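Input: a single structure, listed below in structure tokens.
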Amino acid sequence: MARGKRSSKTIANQNGTDDFDRFIFPIESFKIEDSVLEKSEYVISYFRQFPYVFAEQYLGIKLYDFQKVLLYSMMHSTNVIAIECRNLGKTYITSIFMCTRCILFPKTKICVTAPERGQAVQSIIKIKEMMMSSPQLRHEISLLTDSINNSKVCFHNGSTIEVVTMSENSRSRRANMVVGDEWCWTDQSIMDNVIANFLGDPRQPDYLKSPEYFRKKEYEYLKEKPIEVYLSSAGNESSWQYRRFVDGAKKMIKGDNNYFVCDIPYQTAVKEGLRSLEFYALQMKKDGFDKQKGDAEYLGIWMK
């Protein structure tokens, strides 16, 4: 978790492309005592195990109980489908997770996408807003740009979060994690043949390259798996997304820890004080209110 300050302006190389390496804090140049490294090992391991503690104690971000569950599950699962009602803050908690992952796992590469590029950019905007109230997060980030055509976050430790367009033209991207917002309204062909194929570049910690670990079967379990996180309100029951949702839920119930699936209705937002019951009642009483769509938006009931 680096503490250096750098300029937030975009630096471009001679080819006109952003040079991410210019924003990496050269922590390798420091001489750190073994006792400090040992203590850091325990602290970072604890934070990786309990990411909500990291978010609250290090980043200074207060979390609700359901957000703690989501943050923990996202950190410990590789296939995540989170169906959440409107106004529950799914983009916000996912932005917290992405920052947590990037800080605790150096050189993490995350690609964020959505059917509309502007929706994907919202995650970068959320991070920008969090930086205003979190000095520690500001110290970790070396570059943030939230323009519609060039949206990304660079961390001093080499991690990056970048918005990519959901199209055939994005095939050259590589990532350790993909985050798909408004997932229920995405095209299956693009998601399966383009976005999912970003994950051909799993994060490889340098210690796994040392002779002690390199290509030894007993340490295969230490290799990190690519992560897929998909967020949305509920869609159509006849869709491919619903079939993936049900399949993931069945695997989770059977004890497959790689899968985490949830469907959170508006009552959670009311319980936590994020929205009042009157707010939702007013939405449902509006003239021309479509009950089926309303059930999908607010109750997480998939449309038939």
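Predicted model, so just to flag it, every value in this text is computed and none were measured. All values below come from the heavy atoms of this structure, side chains included, with hydrogens, waters and symmetry mates left out.
Ring centroid separation for the pair W183 and W240 comes in under the 6.0 Å cut-off. Y46 and F50 have their aromatic ring centers within a separation under 6.0 angstrom.
Annotation: N257, atom CG; neighbour count of heavy atoms from other residues, nucleotides and ligands within 6.0 Å does not exceed 12. Heavy atoms of other residues, nucleotides or ligands lying less than 6.0 angstrom from CD of Q188 number more than 12. Applying the 6.0 Å contact sphere to NZ of K128 captures no more than 12 heavy atoms from other residues, nucleotides or ligands. Within 6.0 Å of NZ in K90 there are more than 12 heavy atoms belonging to other residues, nucleotides or ligands.
Rounded to the nearest 0.5 angstrom, Q136 CD and M130 CE are separated by 14.5 Å. Here CE of M98 is found 9.5 Å from CE of M74. Values are rounded to the nearest 0.5 Å. Summarising the geometry, atom CD1 belonging to I161 is positioned 8.5 Å from atom CE belonging to M177; distances are rounded to the nearest 0.5 Å. To the nearest 0.5 angstrom, Y242 atom OH is 12.0 Å from D247 atom CG. N79 CG to N258 CG: the interatomic distance, rounded to the nearest 0.5 Å, is 6.5 Å. Rounding to the nearest 0.5 angstrom, the gap separating the CG atom in L282 from the CZ atom in R275 is 12.5 Å.
No continuous path of hydrophobic side-chain contacts links V69 to V80 [ILVMFWY only; heavy atoms under 4.5 Å]. There is no path of hydrophobic side-chain contacts, each under 4.5 Å, that joins M132 to I96. Grouping the Ile, Leu, Val, Met, Phe, Trp and Tyr side chains by contacts below 4.5 angstrom, directly or via other members, places Y298 apart from I83. In the hydrophobic clustering of ILVMFWY residues, with side-chain heavy atoms under 4.5 Å counting as a link, I125 and I127 come out together. Under the 4.5 Å side-chain heavy-atom criterion for ILVMFWY residues, a single connected hydrophobic cluster contains both Y280 and L299.
Between N193 and R171, the shortest heavy-atom distance links the atoms O-NH1, 3.3 Å. Taking all atoms of both residues into account, the shortest heavy-atom contact from A296 to S233 is O-CB, 4.3 Å. When every heavy atom of P115 is checked against every heavy atom of M166, the shortest pair comes out as N-CE, 3.8 Å. Summarising the geometry of S151 relative to V121, their closest heavy-atom pair is OG-CG2, 3.4 Å, with the distance given to 0.1 Å. The minimum heavy-atom distance between C102 and S159, with the atom names listed, is O-OG, 2.8 Å. Nearest heavy atoms, V178 versus I195: CG1-O, 3.7 Å.
The shortest side-chain heavy-atom distance between I110 and E162 does not fall under the 4.5 Å cut-off. Side chains of Y72 and P51 form a contact here, defined as non-hydrogen atoms less than 4.5 Å apart. At a threshold of 4.5 Å between non-hydrogen side-chain atoms, the residues L274 and Y64 count as touching. Residues M303 and E237 have side chains not in contact (no heavy-atom distance under 4.5 Å, counting atoms from C-beta outward). Between L199 and K225, every side-chain heavy-atom pair lies at or beyond the 4.5 Å cut-off. Under the 4.5 Å side-chain criterion, counting only non-hydrogen atoms from C-beta, L59 is in contact with I103. F66 is listed as a side-chain neighbour of I264, based on a closest heavy-atom distance under 4.5 Å. Between L70 and F260 the shortest side-chain heavy-atom distance falls below 4.5 Å.
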Evaluation steps, salt bridge (charged side-chain N to carboxylate O under 4.0 Å, His left out), between D192 and R244: CA-CA 12 Å; D192 287 350; R244 296 274 176 91; 2.8 Å; yes
Verdict with reasoning, Q292 to D290, per side chain to side chain contact (heavy atoms under 4.5 Å, CB included): CA-CA 6 Å; Q292 189 177 47; D290 187 314; 3.6 Å; yes
Side chain to side chain contact (heavy atoms under 4.5 Å, CB included) between L63 and I61, intermediate numbers included: CA-CA 6 Å; L63 299 171; I61 299 173; 4.2 Å; yes
Candidate pair K68 and E56, rule side chain to side chain contact (heavy atoms under 4.5 Å, CB included), full reasoning: CA-CA 10 Å; K68 294 178 183 180; E56 291 196 322; 3.6 Å; yes
Evaluation steps, side chain to side chain contact (heavy atoms under 4.5 Å, CB included), between C99 and F155: CA-CA 9 Å; C99 289; F155 293 78; 4.2 Å; yes
Working for salt bridge (charged side-chain N to carboxylate O under 4.0 Å, His left out), residues R138 and E129: CA-CA 11 Å; R138 291 199 299 271; E129 293 172 353; over 6 Å; no
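Note on E297 versus K291: no salt bridge recorded, every NZ/NE/NH1/NH2 to OD/OE distance being 4.0 Å or above. In summary, D146 and K126 do not engage in a salt bridge, as defined by a charged side-chain N under 4.0 Å from a carboxylate O.
The closest side-chain donor-acceptor pair between Y266 and Q283, if any, does not fall under 3.5 angstrom. Side-chain atoms of T165 and R117 form a donor-acceptor pair, as typed in the model, at a separation below 3.5 Å. Using modelled atom types and a 3.5 Å distance limit, the side chains of D181 and T91 yield a donor-acceptor pair. Inspection of the S238 and N236 side chains reveals no N or O donor paired with an N or O acceptor under 3.5 Å.
A tilted orientation is assigned to the rings of F245 and W302, their planes being inclined by 30° to 60°.
With F105 as the aromatic partner, R203 does not meet the cation-pi criteria of under 6.0 angstrom to the ring centre and within 45 degrees of the ring axis.
Side chain of S77 to backbone of S73: a donor-acceptor contact under 3.5 angstrom is found.
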